[in-house]
Amino acid sequence: MTSFLDFWGCGKGPCRRLAPATRILCGTVVFVCCLVTPVHKPLGIILLACVVAGWTLLCGIPWKTVAGLCVYACVLFLPLFLLAPWIETNASANNRWAHALAVPLEIAIRGTASIFVCVSTFASLELSEFNRGLTALPLPRILIMLILQIVHQTAMLANESRRMACALKMRGMALGCIPQIRLLSSLPSIWLLRLINRAERVAAAMAVRGVDTMAVTSAAAPSSTLDVLAATLTFLLLVILIAFRCMACL
């Protein structure tokens with residue numbers, strides 16, 4: 001979580017030429033592509049890998065970030081394979097281990113693809129662009145406010161966590177796994193108190209200043225030809241993958 005702020009705006013790919021709303025829309029559609037692509041067949045895995053690699057290259061995230069995401073995905077999903085001996089399989093299956101490993105393998109493939117797509121989308125957007133792009137989409141006002149608050153509070157908590165870790169190091173916090181585990185276990189309670197106090201102060205300040213929380217945002221700029229083309233191609237890709245999934249299930 002301490003690297004949450006580092007992801008935003010680090011991408012320098014061709015997607016930066018699109019409008020913020022188009023980048024968010026295309027990233028969401030590509031994320032849905034990761035969910036609908038069948039990965040129980042080699043061709044489906046190849047298609048999914050091509051989609052994820054193409055979106056990652058278009059967003060232009062640094063190779064250092066790509067390597068860090070690979071390590072993070074391995075740490076996150078490799079322990080799932082330890083559950084293979086306890087996964088129930090069909091008694092008529094020829095190879096029990098192959099069927100047992102198929103479940104964590106599918107979770108790992110889809111999870112890794114989702115991580116790369118989400119981080120690539122974040123990398124193509126600045127936080128200010130994310131705000132403008134989200135408000136330009138035809139979404140319910142309450143949903144936009146909820147997403148913006150989640151991103152805003154996550155960024156603030158990540159920044160505060162980094163400052164707390166630096167302060168503890170400066171004050172001579174003991175090194176080792178046990179002190180770090182204790183620090184991580186105490187972070188949720190610290191975050192909760194900070195969020196409650198900050199929410200009360202922000203609500204009081206907004207009430208004093210007479211801020212209208214349901215104010216209508218300014219009208220979005222018209223979409224360019226490049227934006228329309230990018231959105232059309234992304235939706236076309238989704239339709240192709242859905243058709244491929246339907247044919248694979250036959």
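With rounding to the nearest 0.5 angstrom, the CZ atom of Arg245 is 7.5 Å from the NE2 atom of His40. In this structure, OG on Ser124 lies 10.0 Å from CG on Leu58, to the nearest 0.5 angstrom. Taking CG of Leu25 as the start and CG of Leu134 as the end, the distance is 11.5 Å to the nearest 0.5 Å. Note: Phe31 CZ to Cys26 SG = 15.5 Å, rounded to the nearest 0.5 Å.
At least one side-chain heavy atom of Leu148 sits under 4.5 Å from a side-chain heavy atom of Ile144. A 4.5 Å side-chain heavy-atom check between Val36 and Phe244 finds every atom pair outside the cut-off. By the 4.5 Å heavy-atom criterion applied to side chains, Arg17 and Leu226 are counted as neighbours. Residues Leu125 and Pro20 form a side-chain contact, since some pair of their non-hydrogen atoms from C-beta on lies under 4.5 Å apart. Side-chain contact check for Arg23 versus Thr121: every heavy-atom pair is 4.5 Å or farther apart.
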Please table the atom pairs, donor to acceptor, closer than 3.5 Å between any side-chain atom in residues 45-52 and protein atoms at least two apart or in another chain.
none

Return all side-chain donor-acceptor pairs below 3.5 angstrom for residues 59-82, not counting sequence neighbours, or 'none' if the list is empty.
none

For the pair Leu236 and Ile240, evaluate side-chain contact (heavy atoms from CB on, under 4.5 Å) and give the outcome as yes or no after the intermediate values.
CA-CA 6 Å; Leu236 181 60; Ile240 293 174; 4.2 Å; yes
Determine, stepwise, if the pair Cys33 / Trp55 fulfils side-chain contact (heavy atoms from CB on, under 4.5 Å).
CA-CA 11 Å; Cys33 292; Trp55 183 247; over 6 Å; no
Audit row: Val32, Phe235, side-chain contact (heavy atoms from CB on, under 4.5 Å) steps and yes/no:
CA-CA 10 Å; Val32 176; Phe235 276 104; over 6 Å; no
Glu129/Arg16 under side-chain contact (heavy atoms from CB on, under 4.5 Å): CA gap, chis, key distance, verdict
CA-CA 10 Å; Glu129 291 179 336; Arg16 296 299 293 264; 4.1 Å; yes
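For the residue pair Asp227 and Ser224, a side-chain donor N or O sits within less than 3.5 Å of a side-chain acceptor on the partner.
The aromatic rings of Trp8 and Phe122 sit parallel, their planes meeting at an angle under 30°, below the 60° perpendicular limit.
At least one donor-acceptor pair closer than 3.5 Å links the side chain of Thr135 to the backbone N or O of Arg132.
Linking ILVMFWY residues whenever their side-chain heavy atoms come closer than 4.5 Å, directly or via other members, leaves Leu229 and Leu237 in distinct clusters.
The two residues Leu35 and Arg110 make their nearest non-hydrogen contact at O-NH1, 2.9 Å.
Paired with Ile24 under the rule side chain to side chain contact (heavy atoms under 4.5 Å, CB included), one option of Ile147, Leu139, Leu18, Leu137 passes, and it is Leu137.
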